[in-house]
A.B. asks: 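Below is one structure. I have some questions about it.
Just so you know, residue 1 is the first one in the sequence shown, and it goes up from there. In each ligand, atom 1 is the first atom listed, and ligand 1 is the first ligand listed.
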Amino acid sequence: MNIEYRLMSIEDYTQAYDLWIKCGNGLNNKDDSKEGIEKYLKRNPSTSFVAVCDEKVVGVILCGHDGRRGIIQHACVSPDYRRSGIGKKLVDLALEALKAEGINKVLLVAFKKNEGGNKFWESQGFTLREDLNYRNKALSEMIRIDPDYIKE
Ligand SMILES: CC(C)(COP(=O)(O)OP(=O)(O)OC[C@H]1O[C@@H](n2cnc3c(N)ncnc32)[C@H](O)[C@@H]1OP(=O)(O)O)[C@@H](O)C(=O)NCCC(=O)NCCS
């Protein structure tokens with residue numbers, strides 16, 4: 001299996017979006033629209049990566065920072081390509097890119113029910129903060145796209 005790793009560009013959007021949907025990543029109609037991802041990549045041009053096999057995007061990590069903390073979002077690997085180190089390589093690339101930007105800590109959120117995803121993050125050294133409550137507030141109306149949310 002010959003996997004190429006490179007920076008994500010907006011030309012990867014359609015394939016990346018299809019993969020996020022397939023992998024069950026939590027999406028919304030604004031941040032994850034083509035315009036939303038283009039804005040994100042413009043602000044964070046050096047920290048998001050794709051894994052490509054035979055010109056097909058088989059893994060993605062969307063990553064950026066606010067000048068202080070790094071944040072990882074939408075990491076995924078196509079089901080047929082899992083458990084061969086692609087996820088780990090994407091994380092390593094993103095972390096190296098954050099370090100090169102002078103960032104000292106990186107965070108992420110994962111659905112509690114995502115057992116495999118949480119085991120993966122544990123294996124990559126991302127510790128669980130039991131002492132914090134995650135809070136957020138929407139500044140504009142967004143429609144969530146993850147299929148489980150729609151079902152519940
Ligand atoms: C999580 C995900 C990105 C892992 O990608 P991957 O390429 O299979 O991961 P790797 O092969 O690099 O795995 C590295 C290590 O993580 C751990 N790991 C990965 N997936 C795991 C799983 N489902 N269960 C338990 N441990 C797992 C293992 O320790 C693994 O090492 P090993 O294969 O030598 O045992 C992939 O399963 C995925 O896309 N899942 C759906 C989307 C998702 O959950 N994203 C992250 C949540 S935000």
A.B. asks: Please write down residue, atom name and distance for the protein heavy atom closest to atom 11 (O) of ligand 1.
C.D. replies: Gly85 N, 2.8 Å

A.B. asks: Among Arg83, Glu122, Glu115, whose heavy atom sits nearest atom 24 (N) of ligand 1?
C.D. replies: Arg83

A.B. asks: Has Thr47 got a side-chain atom pairing as donor or acceptor with Ala97's backbone, closer than 3.5 angstrom?
C.D. replies: no

A.B. asks: I'd like to know if Phe111 contacts ligand 1, where contact means a heavy-atom distance under 4.0 Å to any ligand atom.
C.D. replies: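 Outside the 4.0 Å threshold, so no.
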
A.B. asks: Report the nearest protein non-hydrogen atom to atom 7 (O) of ligand 1: residue, atom name, distance rounded to 0.1 Å.
C.D. replies: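 Ranking protein heavy atoms by distance from atom 7 (O) of ligand 1, first comes Gly87 N, 2.8 Å.
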
A.B. asks: I need the nearest protein heavy-atom contact for atom 44 (O) of ligand 1: residue, atom name and distance, please.
C.D. replies: Asn114 ND2, 2.7 Å

A.B. asks: Answer yes or no for atom 34 (O) of ligand 1: protein heavy atom present at a distance under 4.0 Å?
C.D. replies: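 It does not: no protein heavy atom is found less than 4.0 Å away from atom 34 (O) of ligand 1.
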
A.B. asks: Applying a 4.0 Å heavy-atom criterion (strictly less than), which segment of Ala75 is in contact with ligand 1: side chain, backbone, both, or neither?
C.D. replies: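 For Ala75, only backbone atoms sit under 4.0 Å from ligand 1.
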
A.B. asks: Students should be able to answer this: which protein heavy-atom is nearest to atom 23 (N) of ligand 1, and at what distance?
C.D. replies: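 Of the protein heavy atoms, Gly116 CA, 3.5 Å lies nearest.
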
A.B. asks: Identify which one of Leu41, Ile72, Leu90 satisfies the side chain to side chain contact (heavy atoms under 4.5 Å, CB included) criterion when paired with Leu62.
C.D. replies: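 It is Leu41; the other options fail the test.
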
A.B. asks: Out of Trp20, Phe120, Trp121, whose heavy atom sits nearest atom 19 (C) of ligand 1?
C.D. replies: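 Residue with the shortest heavy-atom distance to the ligand atom: Phe120.
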
A.B. asks: For atom 15 (C) of ligand 1, what's the nearest protein heavy-atom neighbour? Residue, atom name and distance, please.
C.D. replies: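 Result: Ser123 OG, 3.5 Å.
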
A.B. asks: Report yes or no: do Glu101 and Ser46 form a side-chain donor-acceptor pair below 3.5 Å?
C.D. replies: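 Note: Glu101 and Ser46 side chains meet the donor-acceptor criterion.
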
A.B. asks: Mark yes or no for whether Ser33, through its side chain, and Gly36, through its backbone, hold a donor-acceptor pair below 3.5 Å.
C.D. replies: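 Between the backbone of Gly36 and the side chain of Ser33 there is a qualifying donor-acceptor contact (under 3.5 Å).
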
A.B. asks: Strictly distance-based, threshold 3.5 Å: is any side-chain N or O of Asp54 a donor or acceptor partner for the main-chain N or O of Lys56?
C.D. replies: no

A.B. asks: If you count the atoms of ligand 1 from 1 in the order shown, which ones are under 4.0 Å from a heavy atom of Gly117?
C.D. replies: 44 (O)

A.B. asks: Taking only heavy atoms of Cys23, which atoms of ligand 1 are found under 4.0 Å from at least one of them?
C.D. replies: 41 (C), 42 (C)

A.B. asks: Applying side chain to side chain contact (heavy atoms under 4.5 Å, CB included), run through Ile37 and Trp20 and close with a yes or a no.
C.D. replies: CA-CA 13 Å; Ile37 296 296; Trp20 291 329; 3.9 Å; yes

A.B. asks: Any carboxylate oxygen within less than 4.0 angstrom of a Lys/Arg side-chain nitrogen, looking at Lys119 and Glu122?
C.D. replies: no

A.B. asks: Just by modelled atom types, is the Val77 backbone N or O under 3.5 Å from a matching donor or acceptor in the Arg82 side chain?
C.D. replies: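 Looks like yes, one N/O pair under 3.5 Å.
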
A.B. asks: Report the member of Lys22, Arg82, His74 with the shortest heavy-atom distance to atom 36 (C) of ligand 1.
C.D. replies: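 It is Arg82 that holds the nearest heavy atom.
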
A.B. asks: If we ignore hydrogens and angles and just use 3.5 Å, is the side chain of Asn44 paired with the main-chain N or O of His65 as donor and acceptor?
C.D. replies: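 Checking the backbone N and O of His65 against the side chain of Asn44, a donor-acceptor pair under 3.5 Å is found.
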
A.B. asks: Please verify whether a non-hydrogen atom of Ser84 lies at under 4.0 Å from ligand 1.
C.D. replies: yes

A.B. asks: Given Lys119, Lys88, Gln73, which has its nearest heavy atom closest to atom 12 (O) of ligand 1?
C.D. replies: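 Checking each option, the heavy atom nearest atom 12 (O) of ligand 1 is found in Lys88.
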
A.B. asks: Is there a donor-acceptor contact under 3.5 Å from the side chain of Asn104 to the main chain of Arg68?
C.D. replies: no

A.B. asks: Between the candidates Ile61, Val77, Leu19, Asn118, which shows the shortest non-hydrogen contact distance to atom 39 (O) of ligand 1?
C.D. replies: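 Checking each option, the heavy atom nearest atom 39 (O) of ligand 1 is found in Val77.
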
